[in-house]
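Report on the structure given below.
Convention: sequence-line order gives letters A, B, ...; per-chain numbering from 1.
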Amino acid sequence: SQQGEEDPQALSIQEGENATMNCSYKTSINNLQWYRQNSGRGLVHLILIRSNEREKHSGRLRVTLDTSKKSSSLLITASRAADTASYFCATALDTGRRALTFGSGTRLQVQP
Amino acid sequence: DTAVSQTPKYLVTQMGNDKSIKCEQNLGHDTMYWYKQDSKKFLKIMFSYNNKELIINETVPNRFSPKSPDKAHLNLHINSLELGDSAVYFCASSQGLGVGTYEQYFGPGTRLTVT
């Protein structure tokens with residue numbers, strides 16, 4: 001099974017609503033990143049949260065990290081149709097492995 | 001200006017052929033990567049290079065060979081293409097090797113279809 005698994009796999013909401021996506025991982029990490037992928041495009045970095053941080057904000061994005069539960073959440077407030085995309089969490093393990101491990105993503109659809 | 005560019009964007013070819021995908025970054029980054037994204041959107045690291053030196057070589061068949069002529073370029077050559085190679089291949093770069101310390105910048109992807 002994957003190191004990072006997002007939940008739900010798909011989410012459909014109305015414009016203006018909040019969207020929450022969760023990521024669970026299995027092994028200890030140094031930090032965790034969230035990326036967005038619009039259809040047919042490459043991934044775009046959204047936010048990085050370190051293992052000693054609990055919460056981080058960037059504009060309408062709020063990320064939390066609970067290392068005891070090995071989970072993170074991404075909250076998008078006041079969603080817009082342009083937020084429609086797939087969202088991925090990526091973990092940097094503390095094993096020295098020099099690669100990010102990506103989850104399978106949450107597909108978010110924001111209805112106008 | 002495009003930060004990370006890949007060519008071609010689409011590649012349709014027959015089984016057994018050899019093909020290359022080119023990647024260039026103009027960000028001055030030291031580290032570059034190749035990822036494969038399968039039909040279920042799962043993204044997996046294939047290779048990473050730092051200053052033209054191979055750092056990561058995941059369990060990728062020998063038919064895949066990366067080449068980094070300079071630190072701004074990382075090309076991917078694939079020999080004897082197979083149906084299972086069909087996927088979207090992404091190039092990415094980051095400022096340094098500190099995984100997780102640096103955000104990664106992704107190219108637009110190359111959709112490879114092997115028939």
- residues 34-41 of chain A vs chain B, non-hydrogen distance cutoff under 4.5 Å, contacting residues -> A:Y35, A:Q37, A:G40, A:R41

Is it the case that more than 12 heavy atoms not belonging to [X] sit under 6.0 Å from its [atom1] atom?
| X | atom1 | value |
| --- | --- | --- |
| A:R80 | CZ | no |
| B:Q14 | CD | no |
| B:D70 | CG | yes |
| B:K44 | NZ | no |
| B:E53 | CD | no |

Would you mind checking which part of [X] comes under 4.5 Å of any heavy atom in chain A, side chain (CB onward), backbone (N, CA, C, O), both or neither?
| X | answer |
| --- | --- |
| B:Q37 | side chain |
| B:K41 | both |
| B:K9 | side chain |

- Query: salt bridge (charged side-chain N to carboxylate O under 4.0 Å, His left out): which pairs involve residues 12-25 of chain B, sequence neighbours left out?
  - Reply: none

- Heavy-atom pair of closest approach, residues A:F102 and B:F42: O-CE1, 3.3 Å

- By side-chain contact (heavy atoms from CB on, under 4.5 Å), B:D30 pairs with (sequence neighbours left out) B:N50, B:N51, B:K71

- Item | All side-chain contact (heavy atoms from CB on, under 4.5 Å) counterparts of A:Q9, not counting sequence neighbours | none

- Message: A side-chain contact here means heavy atoms from C-beta on lying under 4.5 Å apart; do B:Q104 and A:L100 qualify?
- Response: yes

- Query: Rounded to the nearest 0.5 Å, what separation is found between the OG atom of A:S86 and the CG atom of B:L43?
  - Reply: 11.5 Å

- Task: Decide whether B:M46 and B:F90 are clustered together by the hydrophobic rule: side chain heavy atoms of Ile, Leu, Val, Met, Phe, Trp, Tyr closer than 4.5 Å, transitively.
- Result: no

- Task: Could you check which of A:L32, A:I47, A:L43, A:V44 has the highest count of heavy-atom pairs closer than 4.5 Å to chain B?
- Result: A:L43

